[in-house]
Amino acid sequence: MTKQDETPIYDALQRYIKNRIVSFDVPGHKQGKGHKALVDAFGAKCVSMDLNSSKPLDNLTHPTGVIRKAEELAAEAFHAARAFLITNGTTAAVQNMVFSCCRAGDKIILPRNVHKSVINAMVICGAEPVYVNPGVNPELGISLGMSAADVREAVAENPSAKAILINNPTYYGVCSDIKEIVRITHDAGMLALADEAHGTHLYFGDGLPVSAMEAGADMAAVSVHKTGGSLTQSSILLAGANVDAEALRQTINLTQTTSGSYLLMASLDIARRNLFLNGKEIFKKVCDMASYARTEVNKIPGFRAFGRDIIDGGAVYDFDVTKLSIHTRDVGLAGIEVYDILRDEFGIQIEFGDIGNILAIISVGDRELEIERLLGALAEISRRFAKEPMNMLDHEYIDPIVAMSPQRAFYAPKRAMPIKDSLGRVSSELVMAYPPGIPILAPGERITAEIIDYVRYAKEKGCVMTGTKDMSVENIETVEE
């Protein structure tokens, strides 16, 4: 076992700085010497570690020294055969999972409620989606996970598919039966991929849903910055023993920056050490705070904090109890309306609000005081802003009608038109609210009346709509037919 209390990248940076190396390389600010405003803004220690690849500091695209050691430590900590530090965000990690096993025309089985990074990966590499519609909770209106039965059916109908991608967990905290889905995947000779953007803590806490590596997945994209404490945009791509790791590295290097940020890499190093040494204690505290918050929210009229109570053994096989997911429709407010009120009236920034729910991320950085502020604010919202839930959309998920592959639609001749007039056309671009970044409409999907109504409603309620060439999201690019 390696020494998990080590931080090889951070330690190498400190040695480099201590040796007072004279710099005639990039970056041009020369550890802040040529840019006082940068030092004033970010601090001398931070700027001094913004360095370039060199022999003592190793190279992210071909690591043989301290970066390789950090990757070995990460692999051990996350129970993987190999780990790759990613500085382009989990978007890059997710896309490289897809790129590594899918070529143009290859099929990949996946839930439709995937992050836009998966859709964009198919646009780039030409993979064709086989969507498994997730379950939908009729009371909450949210999309759930994939049932093993639905995955088994998709495999039977598409035996040539190369891989199956699983959300573990979803943004709301819903987990599929990933162990059984991995078994189905491997029995069919396919690769099991996991988007664990919101699952770092599953590797280190007790009493939480199973992690992808423990379930036997072949690859997992893990957003350490979301719940693991590293800096924003830092991520890890994990690989199992059956994956050709060096071939995967070659794929990663097609998109990985050649100027990897040492600040991001060092933060992954430090976060991994902290998670390994203190993770059980950290996430017990997080679970306790989330459990308390969930209990108290459910005493407030009009709000429902859901959790393990929605487990059904199928599309909700397990639930990540660190997620404080709250249904808002019974208070007469869309989630995005509660999101805006919390920020504007109470100075509280939560993760996201959609048309029927909000999500508050609770992590090691939170204290009981912040939990009480949130609870107090929600109680005030219920008292001051509640109204009858009339004329409200009652679901988040819309079954897609796939007319062509995402790549073909994206690169096809296009015709722009108002969204309100686009009924029946095939979209050539994404439409989504961000966060959570799950497309309402993806390239290659047919535009229905339900989608047009959803976009109009979401905009009226204040959702930040993105994805279209038209920044106002009034017009949409459609395939010229």
Side-chain angles (χ1 to χ4, degrees), residues 4 6-14 27 42-43 45-53 57-63 65-78 80 82-97 115-117 168 171 194-204 211-213 219-239 248-249 251-279 282-283 351 361 363-365 435 437:
Q4 286 289 338
E6 294 181 355
T7 50
I9 298 174
Y10 177 75
D11 294 343
L13 290 170
Q14 300 315 299
F42 298 109
K45 184 164 187 178
C46 175
V47 176
S48 72
M49 290 190 289
D50 185 35
L51 297 166
N52 186 41
S53 296
L57 298 180
D58 208 358
N59 188 298
L60 180 59
T61 62
H62 189 79
V66 294
I67 295 175
R68 184 62 174 248
K69 179 67 179 297
E71 290 183 338
E72 291 170 354
L73 288 165
E76 180 181 81
F78 284 85
R82 292 290 295 273
F84 302 87
L85 306 188
I86 304 291
T87 60
N88 296 28
T90 307
T91 288
V94 166
Q95 291 180 343
N96 278 291
M97 289 195 303
H115 188 262
K116 70 171 186 174
S117 58
N168 193 52
Y171 225 135
D195 180 348
E196 287 190 312
H198 294 271
T200 303
H201 51 291
L202 304 184
Y203 289 87
F204 301 98
S211 69
M213 286 294 108
M219 286 179 268
V222 183
S223 245
V224 182
H225 71 89
K226 284 187 171 68
T227 59
S230 64
L231 293 178
T232 296
Q233 200 175 307
S234 57
S235 179
I236 291 178
L237 177 53
L238 304 173
L248 178 56
R249 170 97 61 194
T251 299
I252 292 170
N253 284 342
L254 293 174
T255 57
Q256 179 89 288
T257 177
T258 56
S259 302
S261 167
Y262 278 89
L263 291 172
L264 298 184
M265 287 188 280
S267 80
L268 285 169
D269 219 7
I270 294 167
R272 180 267 314 151
R273 177 181 65 181
N274 186 46
L275 289 167
F276 186 88
L277 298 179
N278 305 305
I282 288 169
F283 294 116
E351 177 66 11
I361 297 290
S363 72
V364 66

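Since the model is a prediction, treat every value here as computed from it, not as a measurement. Numbers here simply count residues along the sequence, with the first being 1. Quick note: numbers below take in every heavy atom, side chains included, and nothing from hydrogens, waters or symmetry partners.
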- Pick one: which of Leu60, Thr258, Thr61 meets side-chain contact (heavy atoms from CB on, under 4.5 Å) with Asn253? Thr61
- Note on the structure: Distance col, row Met265:CE vs Thr87:OG1, nearest 0.5 angstrom, shows 6.5 Å
- Taking only residues two or more places apart in sequence or in another chain, which ones pass side chain to side chain contact (heavy atoms under 4.5 Å, CB included) with Ser48? Ile17, Gln31
- So, do Pro27 and Asn52 sit near enough that their side-chain heavy atoms are less than 4.5 Å apart? yes
- Query: With sequence neighbours left out, what residues match Lys116 under side-chain hydrogen bond (donor to acceptor under 3.5 Å, both in side chains)?
  - Reply: none
- Query: Under 4.5 Å between any side-chain heavy atoms of Ser117 and Thr90, yes or no?
  - Reply: no
- Task: Identify the heavy atoms of Ile67 and Tyr262 that sit nearest to each other, and give their distance.
- Result: CD1-OH, 4.0 Å
- Task: Sequence neighbours left out, what passes side-chain hydrogen bond (donor to acceptor under 3.5 Å, both in side chains) with Asn274? Give chain and number order.
- Result: Asn278
- Residues at least two apart in sequence or cross-chain that pass side chain to side chain contact (heavy atoms under 4.5 Å, CB included) with Ala266, listed by chain then number, are Ile9, Tyr10, Leu13
- Under 3.5 Å: donor-acceptor pair, side chain of Ser223, backbone of His198: no
- In this structure, CG of Leu73 is separated from CD of Gln4 (nearest 0.5 Å) by 5.0 Å
- Rounded to the nearest 0.5 angstrom, the OH-CD1 distance for Tyr171 and Ile361 is 6.5 Å
- Message: Is the shortest side-chain heavy-atom distance between Ile236 and Leu85 below 4.5 Å?
- Response: yes
- Item | Inter-residue atom distance Leu51.CG - Ser261.OG, 0.5 Å rounding | 10.0 Å
- Task: Sequence neighbours left out, what passes side chain to side chain contact (heavy atoms under 4.5 Å, CB included) with Leu248? Give chain and number order.
- Result: Phe84, Ser100, Met219, Leu237, Ala239, Val243, Ile252
- Query: Any idea which heavy atoms bring Val224 and Ala271 closest together, and the distance?
  - Reply: CG1-CB, 4.1 Å
- Task: Can you sort out the partners of His115 under ring pair (Phe, Tyr, Trp, His ring centres under 6.0 Å), two or more places apart, ordered by chain and number?
- Result: none
- Task: Provide the closest heavy-atom pair for Ala74 versus Ala83 in the form atom of the first, atom of the second, distance.
- Result: CB-CB, 3.9 Å
- Message: Checking Phe78 now: which residues fulfil ring pair (Phe, Tyr, Trp, His ring centres under 6.0 Å) with it, not counting sequence neighbours?
- Response: Tyr203, Phe204
- Item | Closest contact, heavy atoms only, Ser234 versus Leu268 | CB-CG, 3.6 Å
- Any residue meeting side-chain hydrogen bond (donor to acceptor under 3.5 Å, both in side chains) with Thr255, in chain and number order, not counting sequence neighbours: Asn96
- Item | Pair listing, salt bridge (charged side-chain N to carboxylate O under 4.0 Å, His left out) test, anchored in residues 254-269, at least two apart | Asp269-Arg272
- Query: Of all residues at least two apart in sequence or in a different chain, which pass the side-chain hydrogen bond (donor to acceptor under 3.5 Å, both in side chains) check with Arg273?
  - Reply: none
- Spatial distance of atom CD1 (Ile282) from atom CG (Leu277) [nearest 0.5 Å]: 9.0 Å
- Query: Is there a side-chain contact between Leu231 and His225, using heavy atoms and a 4.5 Å cut-off?
  - Reply: no
- Task: Could I get the full list of side chain to side chain contact (heavy atoms under 4.5 Å, CB included) partners for Ala12, not counting sequence neighbours?
- Result: Arg15, Leu57, Val66
- Partner set under salt bridge (charged side-chain N to carboxylate O under 4.0 Å, His left out) for Arg249, not counting sequence neighbours: Glu71
- Taking every heavy atom of Ala197 against every heavy atom of Lys226, the minimum-distance pair comes out as O-CD, 3.2 Å
- Item | Closest non-hydrogen atom pair between Glu196 and Leu202, with its separation | OE2-CD1, 4.2 Å
